[in-house]
Each structure stands twice: as C-alpha cells, then as structure tokens.
There are 2 protein chains.
Amino acid sequence: MASQEVPKTCKVILADTIAKKLLGEVREQLVKVQGANGARPALAAFLANDDPAAAQYAEWSKKTCEENGFDFDLRKVDKEVLEEAIVTANQDDAVDGIIVYYPIWPTNQQQDRYIQETVALSKDVEGLCHTHLFNMYHNVRFLDPPTNQKKSILPCTPLAIVKALEHLQIYNPILAYGNRLFGKTITVINRSEVNGRPLAALLANDGATVYSVDITGVQVFTRGSGIRALRHQVLDKEGWGLKDVLPLSDVVIGGVPTEKFKVPTELIRDGAVCINFSSYRNFDGPAVKEKASIYVPSIGKVTIAVLLRNLVRLIANRKPEGNSEQ
Amino acid sequence: MASQEVPKTCKVILADTIAKKLLGEVREQLVKVQGANGARPALAAFLANDDPAAAQYAEWSKKTCEENGFDFDLRKVDKEVLEEAIVTANQDDAVDGIIVYYPIWPTNQQQDRYIQETVALSKDVEGLCHTHLFNMYHNVRFLDPPTNQKKSILPCTPLAIVKALEHLQIYNPILAYGNRLFGKTITVINRSEVNGRPLAALLANDGATVYSVDITGVQVFTRGSGIRALRHQVLDKEGWGLKDVLPLSDVVIGGVPTEKFKVPTELIRDGAVCINFSSYRNFDGPAVKEKASIYVPSIGKVTIAVLLRNLVRLIANRKPEGNSEQ
C-alpha cells in the first residue's frame, strides 16, 4: 500500500489544450473545403469601441488566425460609420467572414442588436443573425432543409463550451447524436442573450436538464420527460436560487462579468465539473480544486478556435456540395 | 424541422458488444504473453453440483474459450472428492487456471468458502482467494509491492460490470486512473460476498459514491470527502431504502437473484444508466427504456470474457517480467 498514492482529485484542463485539438480539426477541414492550395480565408474584424479587453481579444484572434492559415483584417472604425463599413464588407467577395466587437453602445443594446442583423447571413461567423439564432433555439441544424447540406452557425462562446464539454467526455458518445447530455444536470450562471441563454438552450437541446441562473431568478430548460421533444422548453422555478440548483448539478458553468461574484464552493457537489467563461474568475480556484473533479478556469482560446471553425463552415456553405460531415 | 426526428432516447447495449471488444484485447494480450506460437492456455472447470444453470454457463464458457484460443476442460466430480481434485489441478503444470461452479453446498456457505481457499492463488482465475479479495477491498492492485509486476486478480462479475461501465464511458478517461468515477452516484442492489459487496467496493475505490442495497438496508461506500482516502469506507444509512437512493443515482445496477424483484421504474432518474447482472430481469424492460439513457439487460458474456482476461494475467504473473501494462 505504501507504493500506491491517492491520485490528485481535481484535473485542471486549460483552454489551450481544447483549442489545439479543435484548431487541428479546423485546418484539416479547411484543406477539405479549399483544397491544399486554396486561398487563405479572410476574416474582417470591426473594432468600434474603446474597450481595451476587445482590443486585446482582437490581438489574440489575429495571432491564432495567422498561425492557422487565415487572414485577419482588423478594421478600426468610428461607430457612426460602422453600419456602412459592414455593408461594404458584406458585398466584398474578398471577405469570407465578419466579426464585430460588442458592446458598441453599452447603454443601447437594441442598437447593437441592429448591427448584428446588418451582417450578411452568409458571413455571420458569430452566429448572431436572427436566422442562426432562431435555428439554434429550435434545435434546427441546417439552413436548407430537407437537403441539409448547409449548416446553421452557432454562437461562438456557447459552442466553445459545448466543445469543452465534449472534450471532457461529459457528452457521452455512446448515446445517439443529439441526446448525448441525457441524464446530466447543468447549472449556467448568466442568462445574457449573447452567451447564457443560447448556452442553456444548446445544452437542453442535447438532452441535459439545465438550470439557468441570473439575478432575476432560476429557469429550468429541458426537453421534457424522457426528452421526447425536439427542442427545449423553459419553466420558471419560483423562489429557487443557487442553494437549490448547485447541489444537484454535475456541471457548473460560471459566466458572471464581475470581479465580485464567486460561485459558493460549499454548495458545489463533490466531483462536479466546473467551467468559467467569464473574463473574471467566477470560482475560488484553490477551494474549487478541493471539490471538483475537473476545473476549466477559462474558455477564451476555445472561443477563437470555434470562430475559425464557423468561418470554415461558412465557406463550405457557399459551395454547391455544402458541409458533408456531421 | 420536419426533416429532423427526435433520436430514440434509450440506447440498449448488449453484453455481446462489450464482450467482443474485451475478447479482442484478451487475444492480443495472450500473444504478447505467450508469443504467437505459444501453447493454448488450459482452464480446468469443476462442476460438482446439479444446477442446470451452472452446466449451461459452463457450456457457454467452453465455446468462448475454444473460439479464443483457450482449452476448457470441464471436470464433473462428486462434491465429496472435489477438494482432492482441486489439489491435483493445483499441482498440475498443464492447468493454467481453475474455476469452480458455486454454490456446491447451498446451505453451507462456509464450506463453499473453504473450497475457494483451496484453489491455489496462482491459478485463482475467479479472484476468490483471500489474498485477492483482501487486495481488492484495500484497493491494492499488485501482489508484489513495491515491484508491482504481478497483478492481483479481481472477481469476474464485479470486474465485468466495471468493464461495462468503462465501455459506456461512465468511467471518465479524462480523470486520473483510480479516480475516474469521481462525481458519479451509483446504486448496487445486491450485497452478496461474491458479487454485490466487492462491486460496491471496486466502484467506491474508483471514486464513486455507492449506495449498496439489500434486504437488510442501505450502506454507502465512498472514499470520503474529496476522495482523499486510498480505499473506501462504509457507513450504514439507517432507515434508507430504494426510494431514497434511486432518485440520486446516475447508474442503477440490479443483481437480485429472484424472478419477483423489479427495480421500481418510477424512482429511477430520467437519463440514468441501468445495468442488470442477475440471471433474472431486475428491470421492467419496456418501462425502463422510456426512462434510462442506457440499458444493459445482461452481463454474463462479459463475465466470461473477463474470466479469460484473468487467466492471461495469471499466466503473465508466472513469468519473471510479470504484467507490464496497466
């Protein structure tokens, strides 16, 4: 017995590990779509705010793009001419995909929403156009039913978390595609329109019971008893809070954009999987490592890999044969 | 949306699928241990009771042995001369492993236990000698610490269920070896000395919280908070029953040897994994398929594959270099 040690209980998985695997797949897929000597795909990135975090994120995206065979064209524009600049990029055949750094008008979400809809569907690498969002919420995976060759694009951060959960084997590949989270209970802390709500919907559409938590309360997203429905349904859980949902959860996902918020470690189940997608640390690292089986402290690099994955899908969607793989 | 269908929710996995994969590994391992032209290993099987189920099981074992490059020598003996026959086989270099069909004295478990201990440790393919059992309960994996070349043998049915759970991806390979069930809650219905108790110990030693249920009540097997201990500990749960543990359980394992017993489907969690190792059907098949994510209706063929896996390990243990793989 002296020769055996208790293995460390918490495995910390860095975004980099997950991103590298995805980027390998993206490069392979790009060769399939473009041929080995195809043109470098071009991403036009619009920076119209003064947020240093956005500028930093753009910098990282540029580096990842260029390392993986993509062109990244950062276009710093005044917010008053942003709409015209996007329309020009929509019409420019040399631009394969468009990304815009939000928020542009922090006090006017409707105006940001208007800009999201300005991006052409065929260049919407962020999956934020209404058609893409509608398909995601309705668990519709293709833009061209019943042919089903052109894939609908999923928003980057939620999809990055799905990819992380696949990497962590929380998606069980033994189960049928579309049901691979059946039996899992997941809490998502954040219900924003860009991240938390789409994420809860995606996870519920794959079979999970998802508790979506924000300051207004708790909602549960499911596909009903025995996951008999195609898409999720949402119910309010009156009077519920983190104290009710965390002890039930196999997976806890934090995305609260403030320094102050921390997930209460004592409520987390022994052996839970904890993932942070906020730019702040939503978990108390040392404490969570004493309790979780897996801890993913950040997700940003996976989000950039997913952005390139979406771009390759957009390019494939423009070809007559579309996306042949699942 | 008309072009998409809700995928069937419950995946039924047959023992045959799991057994075939294991038998492939066993044949590979045998070539490694014996060389490509090595002698066929020989299993001596002692049938000293009149149980038609045992005779049938021996028949299946013989077929699987012969299909996979092993000799199976069924020896029908009177129970009064069984002990001497085992001693002879212990001393016979032509016999690589020994299996005995229990019960021999259904009303005298102590006498069966005496026979189990009569089998030589080096030929105990069923993992029922005290040294093997002691190591299993104490989560000690080798017979020769600190060299750790000679693997301790685990009992066949419990190990078959572990192998099934690995196949079903309930063991998470992302986690450290030895902790791969951390965060999982499992109910085992049966606490016999041959099957249920060793199974609960094995699963708890791998990090699970295991509710072990029999007619005397519920015990919980864990490695403590944060799985900080090397081996499991056991606590009685006074007054608990299936109604308390089934709704908490990710995995439900039935091993009750009667026609009458059925796991109450309404208590099983939506999306749970259900496994039956009884020779009777402990689950109501049609109902459980409406609720479970995965259902394994029987395990017998996996048990036979594990028997051959153990036999190859015994042979490797006799070589100076022992078992080099994990």
Side-chain angles (χ1 to χ4, degrees), chain A residues 1-11 13 17 135 138-142 144-148 167-185 207-209 222-231 248 250-251 269-273 289-294, chain B residues 1-11 13 17 135 138-142 144-148 167-185 207-209 222-231 248 250-251 269-273 289-294:
Chain A
M1 220 150 65
S3 62
Q4 279 183 299
E5 275 179 33
V6 181
K8 274 197 73 171
T9 54
C10 184
K11 186 109 175 185
I13 305 278
T17 309
N135 283 348
H138 290 78
N139 203 10
V140 171
R141 293 164 194 268
F142 293 91
D144 58 342
T147 313
N148 294 348
H167 178 87
L168 303 177
Q169 314 256 354
I170 309 305
Y171 274 74
N172 188 338
I174 282 281
L175 299 179
Y177 181 77
N179 278 349
R180 291 183 174 165
L181 290 179
F182 187 31
K184 297 292 191 294
T185 303
T209 297
T222 67
R223 277 182 34 218
S225 170
I227 55 171
R228 284 280 179 255
L230 174 61
R231 59 157 287 189
L248 302 174
D250 304 302
V251 180
R269 237 176 90 164
D270 218 35
V273 172
K289 286 181 208 166
E290 295 295 309
K291 200 129 186 204
S293 59
I294 302 176
Chain B
M1 225 156 54
S3 61
Q4 279 183 298
E5 276 178 33
V6 180
K8 273 196 73 170
T9 53
C10 184
K11 186 107 175 187
I13 304 277
T17 310
N135 283 347
H138 291 79
N139 203 10
V140 172
R141 293 163 194 266
F142 294 91
D144 59 342
T147 312
N148 293 348
H167 178 88
L168 303 177
Q169 313 256 356
I170 308 304
Y171 274 75
N172 189 337
I174 282 281
L175 299 180
Y177 181 76
N179 278 350
R180 290 181 174 166
L181 291 179
F182 188 32
K184 297 292 190 296
T185 303
T209 297
T222 66
R223 275 177 42 214
S225 170
I227 55 171
R228 285 281 178 253
L230 174 62
R231 59 156 288 188
L248 303 174
D250 304 302
V251 180
R269 237 176 92 162
D270 218 36
V273 171
K289 285 181 210 166
E290 295 295 310
K291 199 131 186 202
S293 59
I294 302 177

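Sequence lines set the chain letters: A, B, ... in the order given, protein chains first and strands last, and positions in each chain run from 1.
A pairwise comparison of heavy atoms in B:Arg269 and A:Gly183 identifies NH2-O, 2.8 Å as the closest pair. Here the closest non-hydrogen pair linking B:Asp270 and A:Phe182 is OD2-CE1, 3.8 Å. In plain terms, the two heavy atoms of A:Ile294 and B:Asn172 that are nearest each other are CD1-ND2, 4.0 Å.
Taking NZ from A:Lys184 and CG from B:Asp250, the interatomic distance works out to 7.0 Å, rounded to the nearest 0.5 Å. To the nearest 0.5 Å, the span separating CD1 on B:Ile174 from NZ on A:Lys11 amounts to 6.5 Å. The OG atom of B:Ser293 sits 12.5 Å away from atom CZ of A:Arg180, with the distance rounded to the nearest 0.5 Å.
Among A:Leu248, A:Ile227, A:Val273, A:Ile170, the residue making the largest number of heavy-atom pairs under 4.5 Å with chain B is A:Ile227. The choice from A:His167, A:Gln169, A:Glu290 that makes the most heavy-atom pairs within less than 4.5 Å of chain B is A:Gln169.
For B:Arg228, the parts lying near chain A are the backbone and the side chain together; criterion is any non-hydrogen pair under 4.5 Å. For B:Ile13, the part lying under 4.5 angstrom from a heavy atom of chain A is the side chain only.
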